[in-house]
Amino acid sequence: MTDGARSATPPGLMPREVATHCPYCALQCGMTLREGGTGVTVHPRQFPTNRGGLCQKGWTAAELLDHPDRLTTPLVRDPATDTLRPASWETALDRVVAGIRAVQADAGRDAVAVFGGGGLTNEKAYALGKFARIGLRTRHIDYNGRFCMSSAAAAGMRAFGIDRGLPFPLADLGRADTLLLVGANPAETMPPLVRWLTEQRGNGGKLIVVDPRVTATARQADLHLQPLPGTDLAVANALLHIALTEGWVDRAYVAERTTGFDAVRRGVAAWWPARAEQLSGVPVADLEATARALGTGGRVIILTARGAEQHAKGVDTVTAYVNLALALGLPGRDGSGYGCLTGQGNGQGGREHGQKADQLPGYRKIDDSAAREHVAGVWGVPADELPGPGVPAYQLLDALGTPGGPRALLVFGSNPVVSAPRAARIEGRLRDLDLLVVADLLLSETAALADVVLPTAQWAEEDGTMTNLEGRVLRRRALRPPPPGVRTDLAIIADLAARLAAAEVTASGATGPAPAEAPGTTPADAETCDTGPAGAGPAAVAAARFPAAPATVFAELRRASAGGAADYAGISWDRIDADDGVYWPCPTEDGPDTPRLFVDRFATPDGRARFHSVDHRPAAEQVCATYPLHFTTGRVLAQYQSGTQTRRVAALRRAAPEAFVELHPDLAARLGIDDGDPVRVTSRRGEFRAPARLSAGIRPDTVFAPFHYAGAGRANSVTNDAVDPISGMPEFKICAVRVEKA
């Protein structure tokens with residue numbers, strides 16, 4: 001029976017429907033899926049984040065469920081022909097296990113690495129981190145969220161002691177008297193959010209946008225600051241300089257709720273507006289108008305996004321805007337605050353439960369002894385058996401296949417061939433591996449290089465939870481089971497864990513059953529974790545430790561996160577169903593959740609927020625005679641991330657069929673380029689080609705391209721792989737290029 005036949009409802013039966021959420025961005029718009037005689041249809045829901053609205057991506061999300069490109073059988077590379085051929089699950093998983101064991105036997109546990117994704121459910125992110133650390137026993141795991149939220153996360157942790165994208169409900173945006181968006185373009189990245197911006201301006205609020213391009217969002221702003229890419233930190237310091245000069249700093253708040261302000265005050269004294277104008281190109285008058293709106297507004301919100309964060313100084317840039325918010329007394333005040341617009345669908349939850357190289361579930365640090373003891377107790381292993389911290393995503397990818405680096409990689413929910421900086425180099429690293437395994441629903445550009453491809457279920461075919469940009473934990477509900485031949489990521493992880501455990505015991509020559517109680521645990525620990533029935537063999541114990549049922553995994557996640565910064569202990573699926581989601585932290589089932597953070601204290605030992613003095617420094621790469629232009633990347637309305645899904649949806653492909661290079665008409669005239677001409681963009685790392693698109697809305701010294709496309713139009717072929725020393729974030733948003741007619 002084909003997938004298309006499966007989706008039809010037999011005559012006389014009512015269509016099935018389920019309330020769920022969009023599979024794309026972190027807004028996680030509410031929708032209802034309905035399966036009837038015409039297949040699966042999408043209907044918007046009146047959910048608090050989208051209030052009945054959907055963007056074009058959401059409306060067309062169900063089209064991939066029965067797409068002809070859908071993978072429905074494992075693929076294994078034939079060594080004789082170097083092509084991927086269909087195989088049974090038994091053959092594919094045997095190939096994976098044999099490859100892992102061969103690599104680890106030759107080069108050690110850390111020779112195998114795992115790369116996850118910010119679109120995985122909380123359950124899958126948790127299971128993947130657990131699998132890496134006690135199934136593979138490798139320290140090498142990270143995920144593509146490192147390329148998205150890591151700088152804002154690090155800045156939030158060092159200032160507030162906690163990282164939650166929005167520490168207040170999204171509805172606060174509509175009530176703000178002044179709203180400053182820095183490096184954010186929600187009109188194209190999450191269009192239903194624009195309803196809150198429209199409401200804010202309708203209430204008499206002022207919207208200010210900081211962006212080097214006149215984006216769809218900037219066109220709605222009351223004031224648009226258009227800085228040179230890479231100078232946002234200087235702009236923030238100048239704004240705080242003006243606020244200090246004009247007396248708009250909330251001295252009582254600073255004294256009562258913060259530490260470290262004096263060093264910041266001394267640092268920004270050097271950032272007089274004229275200096276910032278000379279560096280950034282933002283006029284002094286606009287800086288003063290922005291500072292006035294922030295300093296004199298009643299309810300004021302400052303938001304950053306990727307434009308400010310995807311830099312080798314991204315943590316410091318975000319910190320500068322956090323400093324500004326703290327000086328104005330915004331965080332924790334009703335209707336005010338600092339926040340970050342999370343990008344990927346589970347970008348928030350995906351970084352809370354163990355996918356990051358240095359973290360354990362609940363946002364615990366992996367090198368913290370108490371955190372290790374707690375999580376090891378839940379997992380049923382001795383704490384000293386947990387590996388230590390790994391390395392951030394780009395460093396991990398760049399080490400693949402090199403001497404001393406990982407020689408095998410398992411990829412779940414990511415496409416680094418398109419999404420990584422200096423992408424041609426990373427593609428080469430992937431080709432150098434002894435074993436590349438990719439679990440995906442479509443043959444992405446990364447999957448096309450794999451030795452084994454495992455077909456996975458889609459969002460409408462599995463239950464689970466997601467955590468949106470507000471820290472609101474939501475329920476994803478399955479409309480129907482996966483098609484025959486397709487398994488969920490949790491089932492794949494469970495099967496691999498069981499096979500690896502059985503193979504290890506067989507190879508060691510051990511006989512007899514594995515102990516029912518994991519070594520190093522107390523009887524109470526044994527009751528907490530799933531270690532399998534008494535007398536069970538190693539495969540059964542491993543299968544019990546890695547259940548495939550999402551509800552079972554979530555119950556364990558709650559225990560593992562209990563007491564951590566991101567505490568889910570009090571969040572049950574029933575409680576989520578009873579409300580419109582539950583905000584973490586939520587320590588107890590009968591206690592309140594936390595829609596608004598920092599009301600009484602910050603999540604630091606003394607309850608005070610930390611100022612950190614930061615100063616502007618140049619981009620990692622400067623323009624020169626050979627590469628005279630600044631290059632920056634971003635998204636377009638009809639595409640999403642690496643485009644693996646959206647480039648296959650007919651309506652989205654028609655709306656945005658190919659990459660383009662946006663240039664100012666004056667620059668194009670100097671280069672002899674007309675609108676639509678094919679152009680080549682070249683950096684020190686590579687080149688890509690795409691048609692020119694002329695726009696007066698971009699600075700004459702800057703060119704832009706979307707990063708969703710593969711092949712000749714792959715923008716990340718030229719982007720810089722310099723990384724932030726704190727967060728590991730690559731410098732996607734600025735590098736030096738030359739542009740010429742192709």
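Just so it is clear, the model here is predicted, and its values are computed rather than measured. Hydrogens, waters and symmetry mates play no part in the numbers below; they use all other heavy atoms, side chains included.
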Kindly indicate whether the side chain of H374, heavy atoms from C-beta on, has any atom under 4.5 Å from the side chain of W379.
-> no
For salt bridge (charged side-chain N to carboxylate O under 4.0 Å, His left out), just list the numbers for R487 and D495, CA-CA rounded to whole Å, side-chain angles, deciding distance to a tenth of an Å, and then say yes or no.
-> CA-CA 10 Å; R487 298 184 182 180; D495 204 339; 3.1 Å; yes
Can you tell me if N716 and T719 form a side-chain donor-acceptor pair at under 3.5 Å?
-> yes
When you look at F412 and I493, which way does the side-chain contact (heavy atoms from CB on, under 4.5 Å) test go after all the steps?
-> CA-CA 10 Å; F412 287 77; I493 291 169; 4.2 Å; yes
Determine, stepwise, if the pair L84 / L443 fulfils side-chain contact (heavy atoms from CB on, under 4.5 Å).
-> CA-CA 11 Å; L84 289 169; L443 193 68; 4.1 Å; yes
Please check if the side chain of R714 supplies one atom and the backbone of Y709 the other of a donor-acceptor pair under 3.5 Å.
-> no
Is there a donor-acceptor contact under 3.5 Å from the side chain of K733 to the main chain of R306?
-> no
Strictly by modelled atom types, are S444 and T446 linked by a side-chain donor-acceptor pair under 3.5 Å?
-> no
Residues R499, D94: salt bridge by 4.0 Å N-O rule | yes
Atom of N144, atom of S414 and distance for their closest heavy-atom approach = ND2-OG, 3.2 Å
Considering only heavy atoms from C-beta outward, does the side chain of N122 approach that of T467 to under 4.5 Å?
-> yes
Short N-O contact, K124 and E462, less than 4.0 angstrom | yes
Using the side-chain contact (heavy atoms from CB on, under 4.5 Å) rule, take R476 and H21 through it: C-alpha gap first, then chi angles, then the decisive distance, then the call.
-> CA-CA 6 Å; R476 175 179 282 182; H21 294 270; 5.9 Å; no
Could you walk me through whether L136 and L496 pass the side-chain contact (heavy atoms from CB on, under 4.5 Å) check?
-> CA-CA 10 Å; L136 297 170; L496 285 175; over 6 Å; no
Output for pair (D434 CG, L436 CG), nearest 0.5 Å, gives 11.0 Å
Distance-only donor-acceptor check, side chains S369 and R372, under 3.5 Å = no
Looking only at atom types and distance, does a side-chain atom of H140 sit under 3.5 Å from a main-chain N or O of V112, one as donor and one as acceptor?
-> no
Candidate pair R139 and D110, rule salt bridge (charged side-chain N to carboxylate O under 4.0 Å, His left out), full reasoning | CA-CA 6 Å; R139 70 185 180 97; D110 291 339; 3.4 Å; yes
SB check R422 E427 (cutoff 4.0 Å) | no
Are R477 and D463 within salt-bridge range, i.e. N to O under 4.0 Å?
-> no
Mind running ring pair (Phe, Tyr, Trp, His ring centres under 6.0 Å) on Y568 and H353 for me, showing each step along the way?
-> CA-CA 10 Å; Y568 282 39; H353 298 300; 4.5 Å; yes
Do any N or O atoms from the side chain of N468 and from the backbone of R472 form a donor-acceptor pair under 3.5 angstrom?
-> yes
Do side-chain atoms of R364 reach the backbone of A560 as a donor and acceptor pair under 3.5 angstrom?
-> yes
Please report the closest heavy-atom contact between V418 and A710, naming both atoms and the distance.
-> CG2-CB, 3.8 Å
N415 and side-chain hydrogen bond (donor to acceptor under 3.5 Å, both in side chains): which partner among Q645, E445, Q641?
-> E445
Without hydrogens or angle criteria, can the side chains of T646 and Q639 be said to hold a donor-acceptor pair below 3.5 Å?
-> yes
Please confirm whether the backbone N or O of G564 pairs with a side-chain atom of S561, one donor and one acceptor, at under 3.5 Å?
-> no
Is a side-chain N or O of T342 found less than 3.5 angstrom from the main chain of Q348, in a donor-acceptor match?
-> no
Would you check if I162 and L597 make a side-chain contact, meaning some heavy-atom pair closer than 4.5 Å?
-> yes
Does R685 come within less than 4.0 Å of E731, counting only side-chain N to carboxylate O?
-> no
Would D432 and R407 pass as an ion pair if we require N to O under 4.0 Å?
-> no
Passing candidate, side-chain contact (heavy atoms from CB on, under 4.5 Å) with V315, options H612, E309, M729, R158 = R158
Would you tell me whether E123 and T465 have side-chain atoms, one donor and one acceptor, within less than 3.5 Å of each other?
-> yes
Could you tell me whether the side chain of I492 reaches within less than 4.5 Å of the side chain of W89, counting heavy atoms only?
-> yes
So, Q104 side chain and R109 main chain: donor-acceptor pair closer than 3.5 Å or not?
-> yes
Looking at L430 and P416, what are the two nearest heavy atoms and their distance?
-> CD1-CG, 4.5 Å
Using the ring of each side chain (for Trp, its six-membered ring), is W573 parallel, tilted or perpendicular to F554, with breaks at 30° and 60°?
-> tilted
Salt bridge (charged side-chain N to carboxylate O under 4.0 Å, His left out) assessment of R545 paired with E556 | CA-CA 10 Å; R545 282 184 173 162; E556 183 180 302; over 6 Å; no
Start with the C-alpha distance between T456 and D440, add both sets of side-chain angles, then the distance that settles side chain to side chain donor-acceptor pair (under 3.5 Å), and finish with yes or no.
-> CA-CA 5 Å; T456 60; D440 211 328; 5.1 Å; no
N/O donor-acceptor pair under 3.5 Å between Q359 side chain and R351 backbone | yes
Criterion ring pair (Phe, Tyr, Trp, His ring centres under 6.0 Å) on Y143 and F115, from CA distance to verdict = CA-CA 5 Å; Y143 80 129; F115 198 77; 7.9 Å; no
Evaluate the salt bridge (charged side-chain N to carboxylate O under 4.0 Å, His left out) criterion for residues R133 and E385: first the C-alpha distance (whole Å), next the side-chain angles of each, then the deciding distance (0.1 Å), finally the verdict.
-> CA-CA 9 Å; R133 286 161 179 131; E385 287 190 5; over 6 Å; no
Judged by atom type as modelled, is there a donor-acceptor pair below 3.5 Å linking the side chain of D106 to the main-chain atoms of A102?
-> no
Looking only at non-hydrogen atoms, find the nearest pair between Q458 and L64 and report the distance.
-> NE2-O, 2.8 Å
Please determine if D724 and K313 form a salt bridge, counting it only when a charged side-chain N lies under 4.0 Å from a carboxylate O.
-> no
Could you tell me whether the side chain of Q355 reaches within less than 4.5 Å of the side chain of L120, counting heavy atoms only?
-> yes
Just distance, no hydrogens or angles: give the donor-acceptor pairs under 3.5 Å from side chains in residues 395-405, sequence neighbours left out.
| from | atom 1 | to | atom 2 | distance (Å) |
| --- | --- | --- | --- | --- |
| D398 | OD1 | R425 | NE | 2.6 |
| D398 | OD1 | R429 | NE | 3.4 |
| T402 | OG1 | A399 | O | 2.6 |

Residue list, side-chain hydrogen bond (donor to acceptor under 3.5 Å, both in side chains) with W584, at least two apart or on another chain = E352
Pairwise side-chain contact, R70 with P455, heavy-atom cut-off 4.5 Å (strictly under) | no
A420 and I426: which non-hydrogen atoms are nearest, and at how many Å?
-> CB-CG1, 3.9 Å
Distance-minimising heavy-atom pair for T488 and P482 | CG2-CG, 4.5 Å
Those residues that, when tested against A159, pass side-chain contact (heavy atoms from CB on, under 4.5 Å) (two or more places apart) | V322
